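First comes the structure, then the notes that go with it.
Computed from a predicted structure; not experimentally measured. Order of appearance sets the numbers: ligands from 1, and atoms from 1 within every ligand.
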Amino acid sequence: MNAEPTPPTTSHDERRRMVLGWFMNYMPTAWNRPWAGSTPTGWTDGEFYVDMARALERASIDLVMLEDSSVVPENFGSSMTAEFKATTKAPKHDPLPLAAAISQATERLGIVTTMSTSLYPPHRLAQLQATLDQLSDGRAGWNIVTSFENLAAQNVGLDTLWEHDERYARAEEYVSLVDEFWTGADGVAFDGDYYAAAAPSALPPVQRRPVLCQAGGSSAGMDFAARWADLIVSVPTGLPAMKAYRDGIRQRLERAGTDPDSCRVLYMVTPILGETVAEAEAKEARMYSADGDNFLRRLVQLSNVSEIDFAQYDLDRPIPEDATTNGAQSILDAMKAATRGSSLRQAMAGKGESTSLRLVGTPQTVADQMEEAMEFVGGDGFLLFHGGGGLISRHYLDEVLDGLVPELQRRGLAQTGYGPGTFGERLAAR
Ligand SMILES: Cc1cc2nc3c(=O)[nH]c(=O)nc-3n(C[C@H](O)[C@H](O)[C@H](O)COP(=O)(O)O)c2cc1C
């Protein structure tokens, strides 16, 4: 008989299994919507979000990523009024204390917090992350961002942020220093171009270092992500762009002599689910209808991501061809093209933005699509987000966690429990 050992089959099954995360904003929940719940304005005490983390863990979701930004934007109509009606970025609480509360209410869920290299002194950040890793017993992750709003800089006494690529050059040094605080047993002696430190190291984390996450979309951002990240979250739109993004990251890793499988790439999606495809499509049409609260929210969001004041344009006309911006030129050009022969309102009606894939249907058809997408892209999983211009509700969570995720689990595409070890070890074993 052939004595050759049978290769383990788990590795193949493990690789088929998607990594699933959820993007959480510590902000008002769907207080003015039909599924607001009985304490619609009670988001500030964190109870909704701690409960949500428990639900994510019940569904064996790998990780929650807590978003952070510290501004009340004035991009739409040059005032805060629309922002407070739309609540896209404000009001908002700090994610770190919420992460600490979540760490005490859960046991296995990975807990990734966003912290900006432009806004925290490195030693504070090293210590806060190490503390979260201790509180969660090895489940902390850091979403490394460099911030992009000048208003954020003004909160800490700067007029403006550093220019985009300089922010990444600084971040490069920043993360090296933070890593020394985590690992330098004999203290830190660091003398760089931007940072210097001579101090005993911070409290060490449980993991060698927290799981490092990043979302660089630009070339400098992708270089940085490929150098540091264990996990990347991204929103390239459509299958070819998703594949190109992941290939771009993997090529960078290969050039650096790093195993490309050591870094996972997740794509941001907002599944819209119904008991029939027609029901889900009707929901999508309502979510992205060109009137009502969601529409204002989407316009304000578009202004915030692009720093273009969309309040200056007539909703029922095309964007003028001679319109210019100091904000995101690519977004203005795309909106000009989209409104040629139609209006801004018509161009935004019926379809969503800020997700990688349109996922609209029953749990079965959406699971089919996710499976096919991962086969095509060769990707590692998804970052779920309520999106759609709406606010989060338990109702939406249930649709995904009790409808879609069990369907993925039945197909062996999502884990049904957590493996052993720390968050980083579990991720590396996937
Ligand atoms: C899924 C996702 C989540 C993000 N979360 C945050 C965040 O919480 N705070 C923040 O300041 N930036 C956040 N960003 C912005 C990224 O850090 C990054 O700046 C952006 O993707 C543009 O890439 P670039 O910096 O390479 O130009 C996020 C981006 C993505 C795609």
Check salt bridge (Lys or Arg N to Asp or Glu O under 4.0 Å) between D45 and all other residues, then give those that pass, not counting sequence neighbours.
none

Sorted by chain and number, the residues that approach ligand 1 to under 4.0 Å with a heavy atom:
F23, E67, D68, T114, N143, V145, F148, H164, Y168, A215, G216, G217, S218, G221, V233, V235, M268, L383

Specify the closest pair of heavy atoms between W22 and I61, including all atoms of both residues, with the distance to one decimal.
N-CG2, 4.4 Å

Once side chain to side chain donor-acceptor pair (under 3.5 Å) is applied, what residue pairs with a partner in residues 229-238 remain, sequence neighbours excluded?
none

For E172, check side-chain contact (heavy atoms from CB on, under 4.5 Å) against everything at least two apart and list the hits.
F224, R227, W228

With a 4.5 Å limit on heavy-atom distance, are the side chains of R208 and D179 in contact?
yes

Between the main-chain N or O of L151 and the side-chain N or O of E149, is there a donor-acceptor pair closer than 3.5 Å?
no

